[in-house]
Amino acid sequence: MAIFSQGVIFEGVDTSDPHCWTLDAYVKRGGYEALKRILSSQMPQDEVIAEVKGSSLRGRGGAGFPTGLKWSFMPRNFPGDKYLVCNTDEGEPGTFKDRDITRFNPHALIEGMIIAGYAMGVKRAYNYIHGEIFEDYLLFERALDQAREAGFLGEKILGTDFSFDLFAHHGYGAYICGEETALLESLEGKKGQPRFKPPFPASFGLYGKPTTINNTESFASVPFIMRDGAQKFLDAGKPNNGGTKLFSISGHVNRPGNYEIPLGTPFSTLLEMAGGMRDGKKLKAVIPGGSSAPILPGDIMMDCSMDYDSISKAGSMLGSGAVIVMNEDVCMVKALERLAYFYFEESCGQCTPCREGTGWLYRVIHRIEHGQGRIGDLELLTSVGNNMAGRTVCALADAAVFPVRSFTKHFRHEFEYHIEHKKCQVEHKWC
C-alpha cells in the first residue's frame, strides 16, 4: 500500500491511475521541461552542478553524501568513456521506496539521469534494478522505450549535439550488490563482491572508467530542482537537509506505505500520517533508517524530526528512510535474532571478520532467544562486534553490528532477563 503526501517526486502523481507511469502522464505534470530548457539554452555543465549543490540534495540511498559534490568529482575532460549508474538495488529490510518510483514515476528517474549525464559529460548509463522486483524492471524497460521514441534518449537528443542512452540491468537479489562497488562488479558480469577503495568509482569504476553512482530517489529529485530552482527545493526542507524525502514506514502502524514529506518533519507527524499505532498499542521502539540503522526507544524517537542531523544527534541514522515501528509487545531479543540472521545470510564471505563474525552474532543471539543464554554472552557480543566494525572491505559488517550494539544498549534488561530466566520478559513465556 503506497500513500504519498505533498512532495517533489510524486507531485501530481495519482498512484491509483494505472497509466500514471507513462510518458504522456509525466509530460502533463511538467516532465522533461527541465531537460528541454537545459539543452535548448546550452546551459553550462558547471551551472547544472552548481544548481544541484545549491539545493542541498543529499544522497537518498543511505550515506547522505551531497549529490552535487559527488557530481563534481567526475573528471570533466577525461578522453575515454565515462559512466553513470543508478542504484535501484533495494534489498535492505524495511526499504521499499525506490520500487515505487520505478513503477509510478519512472520518467522522473530517466529525466534526472539524462540531466546528470549532461552535467558530467556522460553518454551511457545503467539502472541496476533489484532482482526481486521483476515486474517493475519490465515496466521501467517500457518507460525507456517511450523515452527513446520521443527523442529523449539516443543520438542527438532533441536535435542537439548531446547524445545519451540508458539501459536497465536486472540484478540477482543479493543484498551485497546494494554496495556500490559490488554493484559495479555484478554489472560487469562478475560475482557481486565489494572492491577495495581507493581507487574510488569516480576515477576507476565501471569497466575501469570514471563512474558516478547515485540512488534512485536522488536522480528522481533532479528534474524538480532544475525546473523550479534549487532554492524552492531547499526551502521544502531545512538547512543542510534540503527538499523532501520518501520514508517507507512499516511495522505496527495502521497505514504502512511510502510517505514523501519535507525533511525536518517531526516523527510524531509521520506516525500520525501513517494512522498511528495499530490496535492502540504503545510505541516501544523505532528503527529510523533501515535495518542497519541503530534502534531508538520510542520516547527518544518521539522527540526527533525526520532529517539527517536530528536522527544522527539522537544516536542513529536516517539511512534509506525505512522506518520500522515496533509496539510494546515486541520481544527485542527475537527481533534482533531475525536481523542478525539476515546479515549472516547476506554476507558475501570475502572478509573473514564479516564472514565469521555475522555467524557468531547470530548464533549467540539465537541461543539467548531460545533459553540457552550464558553469563557473559552480552560481553561476547560486544567483543565480536568490536572485531568486525571497520575491519572489512565494505560496511556490511558494520551494518550487522549497529543493531546488536543499539538493541543491547537500549533494551539490555530484556536480554539479561532471557539469560537469567530462560524466557521472554515481554510475554512471560518461552519465545
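No experiment lies behind these values; they were computed from the predicted model shown.
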With heavy-atom distances below 4.5 Å as the criterion, would you say the side chains of [X] and [Y] are in contact?
X    : Y    : answer
K238 : S305 : yes
T352 : R355 : yes
V253 : L271 : yes
W21  : L139 : yes
R103 : E135 : no
L187 : Y83  : no
F10  : T244 : no
L246 : Y259 : no

Are [X] and [Y] ion-paired here, with the side-chain N under 4.0 Å from a carboxylate O?
X    : Y    : value
R29  : E111 : no
R412 : E379 : yes
D145 : R148 : yes
R367 : D377 : yes
E179 : K197 : yes
R99  : E90  : no
E217 : K245 : yes
K209 : D81  : no
R76  : D46  : yes

Roughly how far apart are [X] [atom1] and [Y] [atom2], rounded to 0.5 Å?
X    : Y    : atom1 : atom2 : result
D89  : H170 : CG    : NE2   : 9.5 Å
R363 : E337 : CZ    : CD    : 13.0 Å
M332 : E414 : CE    : CD    : 6.0 Å
L263 : L318 : CG    : CG    : 6.5 Å
I295 : K409 : CD1   : NZ    : 12.5 Å
E260 : T265 : CD    : OG1   : 10.5 Å

Are there more than 12 heavy atoms of other residues, nucleotides or ligands under 6.0 Å from atom [atom1] of [X]?
X    : atom1 : value
W360 : CH2   : no
E272 : CD    : no
K190 : NZ    : yes

For [Y], does its backbone N or O pair with a side-chain atom of [X] as donor and acceptor, under 3.5 Å?
X    : Y    : value
S347 : F344 : no
R124 : F167 : no
S250 : P256 : no
K284 : V330 : yes
S72  : L69  : yes
T382 : L378 : yes
N105 : I9   : yes
Q350 : Q193 : no
S203 : P210 : no
K53  : P66  : no

*Verdict with supporting geometry, T88 and D98, side chain to side chain donor-acceptor pair (under 3.5 Å)*: CA-CA 6 Å; T88 310; D98 293 341; 5.7 Å; no
*Distance-only polar pair, side chains of S292 and E92, donor-acceptor under 3.5 Å*: yes
*Is there a donor-acceptor contact under 3.5 Å linking the side chains of Y172 and S186?*
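Result is no, nothing qualifies.
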*Please report the C-alpha distance between T211 and L184 in whole Å, then the side-chain angles of each, then the deciding distance to 0.1 Å, and finally whether the side-chain contact (heavy atoms from CB on, under 4.5 Å) criterion is met.*
CA-CA 9 Å; T211 304; L184 295 179; 4.3 Å; yes
Mind listing the closest non-hydrogen atom pair of [X] and [Y] along with its distance?
X    : Y    : answer
G61  : S320 : O-CB, 3.9 Å
A400 : T358 : CB-CG2, 3.9 Å
A168 : I129 : CB-CD1, 4.3 Å
C177 : G192 : SG-CA, 4.0 Å
F162 : V122 : CE1-O, 3.8 Å
L361 : G385 : CD2-N, 4.5 Å

Are [X] and [Y] near enough that their ring centres are under 6.0 Å apart?
X    : Y    : result
Y341 : Y362 : yes
F73  : F200 : no
Y137 : F134 : yes

*List the steps and the verdict of side-chain contact (heavy atoms from CB on, under 4.5 Å) for L166 and I114.*
CA-CA 8 Å; L166 170 60; I114 299 171; 5.8 Å; no
*Enumerate the residue pairs fulfilling side-chain hydrogen bond (donor to acceptor under 3.5 Å, both in side chains) with a member in residues 390-408, sequence neighbours excluded, ordered by first and then second residue.*
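For residues 390-408: N386-R405.
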*From CA spacing to verdict: salt bridge (Lys or Arg N to Asp or Glu O under 4.0 Å), R37, E51*: CA-CA 14 Å; R37 189 176 72 248; E51 194 74 10; over 6 Å; no
